[in-house]
Protein chains: 2
Amino acid sequence: MRIAELSRRTGVPVPTIKYYLREGVLPPGERTSPNQARYDDTHIHRLRLVRAMVEVGGMPLATVREILDQVDADDVQSDIDKLLGTVQRAVFSTVQPHADAERQTAKEAEIVDYLRNELGWHLPLNNPAIAALASVVVTAEDLGHARFVEFIYRYAPIIGEIGVVDLDYVATAQDLDFMLESVVVGTTLGDTAILALRRMAQTNESARRFPNIRHRTFD
Amino acid sequence: MRIAELSRRTGVPVPTIKYYLREGVLPPGERTSPNQARYDDTHIHRLRLVRAMVEVGGMPLATVREILDQVDADDVQSDIDKLLGTVQRAVFSTVQPHADAERQTAKEAEIVDYLRNELGWHLPLNNPAIAALASVVVTAEDLGHARFVEFIYRYAPIIGEIGVVDLDYVATAQDLDFMLESVVVGTTLGDTAILALRRMAQTNESARRFPNIRHRTFD
DNA sequence: GATAGTAGGTAGTGCCACTATCCATAATGC
DNA sequence: GCATTATGGATAGTGGCACTACCTACTATC
């Protein structure tokens with residue numbers, strides 16, 4: 001198909017598709033002449049994936065490219081672990097560490113200690129999520145929410161079960177390509193889904209605890 | 001204190017503080033003369049809260065203002081439920097519904113059905129998180145990830161426990177002001193914390209399942 | 001052979017979160 | 001008292017980002 005049909009079938013404007021081609025998040029079509037190219041179903045799929053990451057996942061295009069480069073790279077095939085690492089780094093690149101580097105480092109050690117010794121988690125110290133979490137906890141302390149970290153410790157074993165489901169999702173993919181995409185989809189769309197579920201769980205728990213209150217209808 | 005000290009003690013540049021005053025996310029200081037004002041500790045606290053919401057929570061300033069307006073409004077005092085609703089709407093305002101409105105609506109009904117009948121959750125139909133979740137699921141389907149929704153159903157009871165912890169966090173606040181702030185902090189910082197924990201849980205589960213693989217060190 | 005579509009390039013737009021500069025006035029240091 | 005510095009308030013400018021518009025030379029189609 002040509003670019004107009006690609007646009008029609010995905011709902012993405014032609015200039016935007018051109019922009020994505022320039023930015024390298026969409027591979028070029030097959031050349032048929034110096035200034036003509038042909039696109040196929042893989043382009044439709046990729047375009048939808050990009051839009052999902054941008055619109056639903058709220059990712060900057062540079063991050064999308066970074067992740068998709070890894071998915072496309074041959075050496076990542078059969079290396080889910082590396083892809084997971086790339087996705088993690090890409091997602092947390094925005095969270096900068098706390099200004100007080102010493103407190104930040106101490107908090108990282110404290111958190112890792114707990115997760116390893118109390119929950120038996122296997123965690124490399126340089127996992128970028130650790131720095132992100134420590135930064136959040138220190139920020140909470142600055143706001144006078146010192147008890148926040150205790151609740152983090154209550155969250156941890158619960159989220160541990162989420163990790164099990166996540167790995168199941170990747171493991172049940174039919175083939176390698178789909179498995180790689182499952183990492184990306186499971187993580188990006190999964191994040192949004194989990195936060196939405198959290199809101200509903202809060203609403204539910206609130207209704208359960210205070211059954212007499214006439215609850216908001218979010219009009 | 002004057003603006004320079006406020007800047008020094010929070011690390012926020014003076015022009016940025018002025019900008020925040022203009023944008024209404026920081027209340028004006030107490031006037032001492034036509035062009036002089038005095039700030040106090042509440043301003044330091046509010047400034048830190050704004051920065052946390054923007055930097056850690058990744059919220060647009062307009063959303064921050066919307067939420068803080070609710071926190072400041074007198075009629076919200078003792079109405080945690082309304083604040084929860086505001087925070088929810090503010091956070092999910094970015095997730096637009098799927099283009100296919102019919103599928104979107106059908107999926108919303110399907111999801112609510114499950115949560116109510118299988119998990120016994122109390123949920124109003126117009127909770128904005130429902131639309132967000134349905135949109136994510138339909139998007140996943142478009143990408144050929146029809147099985148995604150099954151995993152949502154596996155996530156749900158787990159996240160249900162998160163909701164319990166969340167309400168505990170709010171309930172254990174010492175006073176009403178702190179309770180209101182706990183809703184904001186617990187939600188905005190909590191979101192980031194939960195996603196970070198999810199990454200660690202994935203890493204851990206991956207290491208548990210494939211102990212022989214030499215795992216990445218994210219160098 | 002007229003009309004519409006295409007690849008590729010450059011420039012412009014709109015939004016957002018600042019950041020810089022200016023001005024009249026006020027506080028401060030000596 | 002007076003020079004220096006700081007302040008509130010206003011207006012304009014910046015840089016990043018995701019597009020969007022426009023142009024040109026060429027190609028496909030009727």
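Proteins come first, then strands; the chains are lettered A, B, ... in the order of their sequence lines, and each starts at number 1. A quick note: this is a predicted structure, and the numbers were derived from the prediction, not measured.
Looking at heavy-atom distances under 4.0 Å, B:R65 makes no contact with the nucleic acid at all. At a threshold of 4.0 angstrom between heavy atoms, the contacts of A:A62 with the nucleic acid are absent.
Here B:D168 does not pair with A:R147 in a salt bridge; the nearest charged N to carboxylate O distance is not below 4.0 Å. Look at A:R2 and A:E5 and you find no salt bridge, because none of the NZ, NE, NH1 or NH2 atoms lies under 4.0 Å from a carboxylate O.
Put simply, A:R38 has no side-chain N or O that comes within less than 4.0 Å of OP1 or OP2 on C:dA7. The phosphate of C:dA26 (OP1 or OP2) has no side-chain N or O of B:T32 nearer than 4.0 angstrom. The shortest distance between the side-chain N/O atoms of B:R2 and the OP1/OP2 oxygens of D:dT5 is not below 4.0 Å. For the pair A:R31 and C:dG8, the criterion of a side-chain N or O lying under 4.0 Å from OP1 or OP2 is met. Checking the phosphate oxygens (OP1, OP2) of C:dC18, a side-chain nitrogen or oxygen of B:Y20 falls inside 4.0 Å. Listed pair B:Y39 / D:dG8 meets the phosphate criterion, a side-chain N or O lying under 4.0 Å from OP1 or OP2.
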Trace of the side-chain contact (heavy atoms from CB on, under 4.5 Å) decision for B:S135 with B:Q96: CA-CA 8 Å; B:S135 167; B:Q96 64 254 47; over 6 Å; no
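Put simply, CG on A:L6 is 10 Å from P on C:dT6, counting in whole angstrom units. The CE-C1' distance, from B:M53 to C:dC16, rounds to 17 Å in whole Å. In this entry the distance linking CD of A:E23 with P of C:dA7 reads 17 Å, nearest Å. Note: CG (B:L21) to P (C:dA17) measures 16 Å, nearest angstrom. Nucleotide D:dA10 holds its P atom 12 Å from the CG atom of B:N35, rounded to whole Å. One interatomic measurement links the two molecules: CD of A:Q36 to C1' of C:dT6, which rounds to 5 Å at whole-angstrom precision. Look at CD on B:E66: it is 13 Å from P on C:dC16, rounded to the nearest Å.
When distances run from any side-chain atom of B:P15 to the nucleotides D:dA18, C:dT19, D:dT27, the shortest one goes to C:dT19. Among D:dT20, C:dT19, C:dA17, the nucleotide with an atom closest to any side-chain atom of B:P13 is C:dT19. Comparing D:dA18, D:dT7, D:dT27 by their nearest atom to the side chain of B:I3 picks out D:dT7. Considering only the side chain of A:Y19, D:dT20 comes nearest among C:dT6, D:dG8, D:dT20. The side chain of B:T16 sits closest to C:dC18 out of C:dC18, C:dG5, C:dA24. Listed nucleotides: C:dA17, D:dC19, D:dA18. Nearest to the side chain of A:R51: D:dC19. Closest to the B:L61 side chain, of the nucleotides C:dG5, D:dG8, C:dA17, is C:dA17. Distance from the side chain of B:S33 is smallest for C:dA27 among the nucleotides C:dA27, D:dC26, D:dA6.
Between the side chain of B:R48 and the backbone N or O of A:T139 there is no donor-acceptor pair closer than 3.5 Å.
In terms of position along DNA chain D, the nucleotide closest to B:R22 lies nearer the 5' end than the nucleotide closest to the other residue of the pair B:R22 and A:R22. Two residues, A:M59 and B:K18, neighbour DNA chain D, and the one matched to the more 5' nucleotide by heavy-atom proximity is B:K18.
With rounding to the nearest 0.5 angstrom, the CG atom of A:L49 is 13.5 Å from the CD1 atom of A:I44.
Aromatic ring pairs are classed by plane angle as parallel below 30°, tilted from 30° to 60° and perpendicular above 60°; the pair B:Y169 and A:F148 is perpendicular.
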